[in-house]
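Letters A, B, ... are given to chains in the order of the sequence lines, protein chains preceding strands, and every chain is numbered from 1. Note that the coordinates shown come from a computational prediction; the quantities given were computed from them, not determined experimentally.
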Number of protein chains: 2
Amino acid sequence: MSDLDKKNSSKNKTKTKILDVSARMFSKQGYNGTVLRDIANELNMKAGSLYYHFESKEQLVLEVLNIGLQNITDKVMAAIDALPEDATSRERLFAAAKGHLTALLEKGDYTSTSIRNLGLLPDSVLEEVMVSRKKYENMWRTWIEEAQAKGDIRADINIKVLRLSIFGALNRTVAWYKEGELTINEIAEIQMGFLWDGIS
Amino acid sequence: MSDLDKKNSSKNKTKTKILDVSARMFSKQGYNGTVLRDIANELNMKAGSLYYHFESKEQLVLEVLNIGLQNITDKVMAAIDALPEDATSRERLFAAAKGHLTALLEKGDYTSTSIRNLGLLPDSVLEEVMVSRKKYENMWRTWIEEAQAKGDIRADINIKVLRLSIFGALNRTVAWYKEGELTINEIAEIQMGFLWDGIS
DNA sequence: GTCTATAAGGCGATAGAC
DNA sequence: GTCTATCGCCTTATAGAC
């Protein structure tokens, strides 16, 4: 039995449901603003029962964060891998942005838990999640450096500030995105378009 | 005696100190992650004593939020007012961004409390602070609309997404800014430069 | 696997002494 | 204005029945 099968087997169905509800509440109300009783209530369970599946609240939020980061990494990697070998820097960065934003807004409860709570979590949790977070950021760093090396991003551009500005603009989208008006891909296209081509 | 004098008179010195400490802790640890005993401890006081100055924790955070918004509005308005009559759209928006970022990073405890906690606060607090927040956002909306009307921002630019992207990029700066490397004005200049001129 | 019951401690807030 | 003392409630977490 593969890891994936195990994850979705009935054995762990309850655990998955707990994670889903937790992700939703952590991302909406914050880690400190979410109490285990609320999570249990939503599942018609009692708070104590959660401890059969998780050994602590910290462990629970840690799993949510790890799944979120995995989701976003997978989505962005898939978007990049789907590109042809000879894709331009522009295509590469726009594809990455679309993947990032899709993971954030579509299955966003897990991913936006980290955005909403980063800096507000117990230190022990933060430390554990930082490693994979740095890895994800490094992927972007690489793509941006390559684009600048090829001359597709001007040499005078501060790419550290650029990367942080991209994350800033994209991540903030969770605070104002409403389904219906613009598609996720359109928003990513618009936001990256500002940066790539300018607005003037 | 003017309002300003009253604010700084010895009569309200303690209240001001409580606000300062509260702003720092709310912005760093979040509203729900900050307990009144921590605030009192920092001031060599007991938690109960805070209630001589504030009627509740909600009232306390509300005052912090209002001061923060006032700070940022004042700073941005001052930056705009300092411009000559015939300033260009570019100068206007860059000046606003510098003012915004300065208020955010320099006296940032008050201002970043709202950024850090928005959506994680009691509804009653959120409602009260929304009015002035909308007013501030409307100032930006106006400047951006005027710039597009003058043709300084291209007609095909989605200015709603633009405004939200500017806030996203600028506000996120609180998460990574370190004194020493780049000045606040340089960061604002760089970030607005990406948007105005593009990076390619 | 989930329940009830409860421990052990933290929280915001209040009352009254000083 | 600040203190001590405490109330009433809520929180995470555990133990043992079912």
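In this structure, CZ of B:Phe54 is placed 13 Å from P of D:dG1, rounded to the nearest angstrom. Rounded to whole Å, the distance from OH on A:Tyr31 to C1' on D:dT11 is 11 Å. Nucleotide C:dG12 holds its P atom 11 Å from the CG atom of B:Leu60, rounded to whole Å. In this structure, B:Arg37 places its CZ atom 11 Å from C1' of D:dA5, rounding to the nearest Å. Rounded to an integer number of Å, the gap from CD1 of A:Ile39 to C1' of D:dA13 is 14 Å. Rounded to whole Å, atom P of D:dT11 lies 11 Å from atom CG of B:Asn32. Rounded to whole Å, atom C1' of D:dC10 lies 14 Å from atom CG of A:Asn41. The nearest whole Å value for the distance from the CG atom in B:Leu50 to the P atom in C:dC11 is 13 Å.
An end-to-end axis angle of 0° holds for the helix from C:dG1-D:dC18 to C:dC18-D:dG1, taken from five base pairs per end and rounded to 10°.
Between A:Tyr51 and D:dA13 there is a side-chain polar atom (N or O) within less than 4.0 angstrom of OP1 or OP2. A:Thr14 has a side-chain polar atom (N or O) that falls below the 4.0 Å cut-off from OP1 or OP2 of C:dT2. Within the structure, every side-chain polar atom (N or O) of B:Lys46 is placed at least 4.0 Å from both OP1 and OP2 of D:dT2. Residue A:Ser49 places no side-chain N or O under 4.0 Å from the OP1 or OP2 atom of C:dG1.
Looking at A:Asn158 and B:Leu182, their side chains come closer than 4.5 Å, going by heavy atoms from C-beta outward. Taking 4.5 Å as the limit, every side-chain heavy atom of B:Leu104 sits out of range of all side-chain heavy atoms of B:Tyr177. A:Trp196 places a side-chain heavy atom less than 4.5 Å from the side chain of A:Asp152. Within the 4.5 Å cutoff, no side-chain heavy atoms of A:Gln70 are placed close to those of A:Tyr110.
Considering only the side chain of B:Leu36, C:dG12 comes nearest among C:dT2, C:dG12, D:dT2. When each of D:dA13, D:dG1, C:dC3 is scored by its nearest atom to the side-chain atoms of B:His53, the top-ranked nucleotide is D:dG1.
With a 6.0 Å cutoff to the six-membered ring centre and a 45° limit on the axis angle, B:Arg90 counts as a cation-pi contact of B:Phe94.
Using a 4.5 Å cut-off between side-chain heavy atoms of Ile, Leu, Val, Met, Phe, Trp and Tyr, A:Val35 forms no hydrophobic cluster with any other residue.
Nucleotides of DNA chain D nearest to A:Gly48 and A:Val35 differ in position, and the one nearer the 5' end is that of A:Val35.
No contact: A:Asp38 has no heavy atom under 4.0 Å from any strand.
Closest non-hydrogen pair, A:Leu162 versus B:Phe194, comes out as CA-CE1, 3.4 Å.
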